[in-house]
Structure formats: structure tokens, C-alpha cells
Amino acid sequence: MPTTRYLPTYRQKEARLITQLAQRGQSLGFVGLAGTGKSNLVSFLRDGTYLAQYLGEETARVHFAPVDATTWQQTPDHLWQLMLNSLNKPQSLAKLIEEAASTSADQEDTLNVLKERIKFICQERGYQLTFILDDFDDVLRTGPLPMLEQLNELRSDGNRERLSYLVFTKKLPHVLGRTHQLENNSKFYDLFRHHVFALDPYCDEDARHMLDHLNKESGKPISRRYYGEVLTLAGGHARLLSVIVGIWAQSGDPSGDRVAYFGAQPEVQQECRRLWQGLHQHEQKVSMLVAKGQPTDHHKDVMDHLLRRGILKNIDPIEWFSPLLPWVLKGE
Amino acid sequence: MTLPRRVKATGTKRIAVFRDGRFQRVAGTVLLWNDSDTIEEFDTKFERHSFRLTSLYINGVELDLTVNLTCAFDPSATLSRDPKKMADVFEQRRQPVHDQLEAEVRRVFERQLQHMVSQLDLSGNATIGQRVLPILEGSPTRSLLLKSLEIALDRSLPDLGYKLNRDFPITFTNLDLSPVMMDPGNPTRTVELIRRHLPGLNMAMLEDLIASLQAGDPIDWQDLLREGDAAIGWHSDADPSQPKKAEPTPAPSNPPTDHRLSKEDLSVLKQVPEVG
């Protein structure tokens, strides 16, 4: 029997928090390592199959519209276009949008069309709408500030209790937006500045389920007796898990030191580098020193932060989320 | 009779048509009648570019830095469809686009920098921090330099067919002073150089810096210069960018980089509350 991609309790902590805030029209941000499953969480929210357990009777009233900012063409108009397109993604909203389009006059200005659609959804229908701003690093970094502030204005335009944002980034939002002093000048950042959370790697239950799913799809399943080892190697990191399953299916059971074996695989090294390169430079530097056993007392604050980030599982003694990352970093 | 071949560009793309290697026109859709007609597709959308400028000299100090800017290649717009200028741009556009742009950014940057440096009254015993001040975060000269660079590029890039997007500010990142601070293969000399150039560094920072230099890690030179000059006063009278009687400008508490995360930065991230 095929395994579904997600458990009903998939990312339970995060899903509960997101749905609670979405119901109240409050915004939040998640900062997650590259490859840690941000896009999976976005798909889970967009799919909506398991959201009823959190939203109850409100399920039909709460809508998530995912915006993939990796395709953003660096103009304000294109951001409005992406947001407008995102309203067609959940089927429930797409029907509504069709209706809104047929009743409204033609508008050439994308921002005005977007405003009108939001007004229709939030004010006329009384729905809660959360834009999921996925991979928003470049948008925050590049700005310009008036474009970001427009996101707050959309909310102030009579949609205060209804419209919210769920912002996914790899780095801290206010550091990304430092060129335009996001933390001092931005009402958009004010919407979620007190709700910036770390997106940890998967908990054991989610990682095990994901492994089951990948394993069944791989054609050459890993014996269950190795599950423990595979899960330790991947440390709940979605893409590392997928890479390890792929290598295992291709090469069979590796004997000997499995950390050294997988750590030497180009795909694993590439994934670890990608993860490391997605960190702030200060995080990169300290994680490299920790991997090489050279941290000093004045790195403690950053190490605590890496603990909250989910890169380290423990500080004394040092324990990484996956033994593969320090192995690869040591070789750099 | 052979039917013409129809080629259509999509989205922000356009097609340049050449006959026997000579530029003819730019269009969205073209009909190609014979084999001597060739085409080149290009995209007119704005993109962010980063140019690493190495071996720059500022007041005698060698450094590397990255200039970031947003522009688009759209000669029809920048050259008002002038056929001769368009032909010049397309026929000379044989070298890689990035190289051509980089050469222009470097040329304009060096000219603006030279002009700025010539107006500063730098004392003979100025520290390295004071020497590179024109490009450091928080320095008023840096803002002026960015502004003058923007104005100069806005004027010069159209001749190459590029349109600068001034909605997206030009920025400098990844300043690197390793060439001045490091003597590869001679750790003692490296320590000497760092101590001479950054007299205010405490021992922990010095050790940290040496380890990072040896490991080739990214270094926040901006912060180190500030710390390193602390012993003699970052905004001392020798500071070339400050009028002598002006109120001292406080150094920004958070330089706009992610090289060094402050305690406040590190306190932003929270853990998701446990269920139940």
C-alpha cells in the first residue's frame, strides 16, 4: 500500500501555531536551514487535508495562498502578480476568485486588482487569508522598502483582523533587510517581529514516516533494521534523508564507518555545503570552528543560537543534528 | 520557394537580427528569409549583478570588495532605437556580458573613488581604518560614493545598452583586507601586521582573526577596523571624513552586514512552543 507523504500529525507544533495565528489574522516568520523541509510544510498547508484537526469549524474560512518568491523578478509589480496568482492555487479560493473577477471592473494595475481580490475575500466573504511568502530572503534583502511596506498597507486597507503573512526565510529577516533598516523603519516587519521562529529539522516521528515514504518509492528499500542509523545520519533533515536513501538504494548497504562513507559522497557534501552556505556568515564561521573543535567562550551566544536553529542538538558535549555536517565541514 | 522561418520571443525576451553578421533590428517576432540571417535572443528583465573588484587601492591600502547593482540589457530603450548606436552595441557585444559590465563598473568605481580620495585631507599617520573609511558602513563618504557611483553608472550604462534600476540601491559587500593583514607562510609577520594596523584589538579578537585568516573564513573587517581603531579613537581628529569641529557621528551599533550577529540579533529567534 502506498504511504501518504504526510502524517496527520506532520509538523504538529508548527501547524498548530500557524493555524492559531492565521485564525487571529496575525503574522509570523519561520527561519529554517536550507533543505529542512520548508517547501514540504508549504505544500502541507496548501493541501489542507489535515488542517481540520486544528481549525475545526473554521476550516472552510481559513485560506493559505502560497507565493514562491524564488521566481520573483525583482520588481514590485511582479510581487503583486505572484501574490495575485497565489490566490488561484488553493481550489477553494480559485472558485471565489473566478466569481470576484466576473463581478469586478477590469483593472490594469496589478496592485489594484490584488487589493480588490483581498477585499473580496476578507471583507465581503469574511474569510481569513494568509499569504505564505516562501523563500522570501531575496525579497527582504533587495526591497525596496516602500514595496515591503505596501504589504502592511494591504492589511491596513480594512483587512486588519483577516489578512496575515507567513514568511519563510533561511536567514533572520531583520538582518536580510538591514540595508533598508527593516527593524527600525518597517511596519511590515513589525507585523511578525515578535513571532520569528526556528524551523527545526523533523521530529523523529515525521522523519520516520518520511523515510518510509521515500523507501517505498525508491524501488530498492532499505531494511528496517537500518532505519535507526539512517535517521541518525540525516538528523531529521528532509533533503539529507532523501539523498541518503537514494545513495543507499543505488549502492546497497555500506559496510564500515557509515559517517565516513556517506560524508565522502559528493551528493551529501553538496547538500551539507548548501546548508552551510545558507547560514549567516557569523553562523558559518562559528559552526566551522565548532566542527574543528576550536570554539572559545566568546562564541557561546552564537552556539546557543545554533542550538535554537536546530543545527546543534546539544552544546556540552557538542552534538550536531547530523554527524555528516561536521564531518564535511572538517574537510573544508 | 522556401517559406520564411518564424521566431517569436516570449515574456521579457527580445530578438536581435543580424544579416551576414551585421546588426539589422530588434523585434519580438521575426521572419527569417534566408541563411545569412541569424538571430540572438536576449532578456530585458532586471537582474541583480554582483561584481568582485579585486586589488583596489584606497589611500594606498589594497583591498577587495563586491559591488552589487540591478540592471537590465535593453538597448532599444536606452538608445532610443538609434540604428547606428544599436549596431555598435550588438556588434561589439561579443565578449561575455558580465565581463563587459564588470569592466564598466570597475572603471566608473575607480574614477569616483579617486575623485573622492583627492578631496580628503588625510594625515600621514592615519590608521588603516581611516584610510579605508570612504567605503566603510556608517561613513558619510560611503553614502556619497554610492550616490556618485549610481549617478555615473546611470549615465554611462545606457551607451552599453544597460538600464540601471535605481529603485534597488547599489551596495558594497564582502570587504576583504586580507592582502594587507596577511603574510602567507609567516604567522609572526601576520601577527605583527595585524597589531600594527589594528592596535585596539584584544587578545581574544586577535586570536579569532588569525584563526579565521588561516582558515580562509569570511571576516567582518568593518567591525574589526572599528574595534582596532578604538584605542586611538575611531572618530579622531585624523579622521579624514569628519570636519574637525563637527559633532562626532556615533558608529552604528549594528553594521548592515551579517558578518557579526549582535546579542540583539541572536535573541530574535524563538523556538516553536511545544504542543500541549
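Below, chains carry the letters A, B, ... as their sequence lines are ordered, and counting in each starts from 1.
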query: Should we count NZ of A:K313 as having more than 12 external heavy atoms under 6.0 Å?
result: no
Nearest non-hydrogen partners of B:E47 and A:Q74, listed with the distance: C-OE1, 4.0 Å
field: Interatomic spacing from NZ in B:K270 to NE2 in A:H194 - rounded to 0.5 Å
entry: 7.0 Å
field: For A:Y10, ring-ring contact (aromatic ring centres under 6.0 Å, His included) partners two or more places apart
entry: A:Y6, A:F44, A:Y202
- request: To the nearest 0.5 angstrom, please state how far the CD atom of B:E274 sits from the CD atom of A:Q12.
  value: 10.0 Å
Gap between atom CG of B:D265 and atom CZ of A:R178 - 0.5 Å precision: 4.0 Å
query: Is there a donor-acceptor contact under 3.5 Å linking the side chains of B:N174 and A:Q281?
result: yes
query: Atom CG of B:L269 and atom CG of A:L199: how far apart are they, to the nearest 0.5 Å?
result: 10.0 Å
field: Nearest-0.5 Å distance, CG of residue B:L266 to NE2 of residue A:H280
entry: 9.0 Å
query: Roughly how far, to the nearest 0.5 Å, is CD of B:Q271 from CG of A:L307?
result: 7.0 Å
message: List the residues meeting salt bridge (Lys or Arg N to Asp or Glu O under 4.0 Å) with B:D64, not counting sequence neighbours, and say none if there are none.
response: none
field: Leading residue by heavy atom contact count with chain B [cutoff under 4.5 Å; candidates A:L172, A:V196, A:L28]
entry: A:V196
- line: Nearest heavy-atom contact between B:F168 and A:P144 is CE2-CD, 3.6 Å
- request: Could you check which of A:Q294, A:H180, A:H174 has the highest count of heavy-atom pairs closer than 4.5 Å to chain B?
  value: A:H174
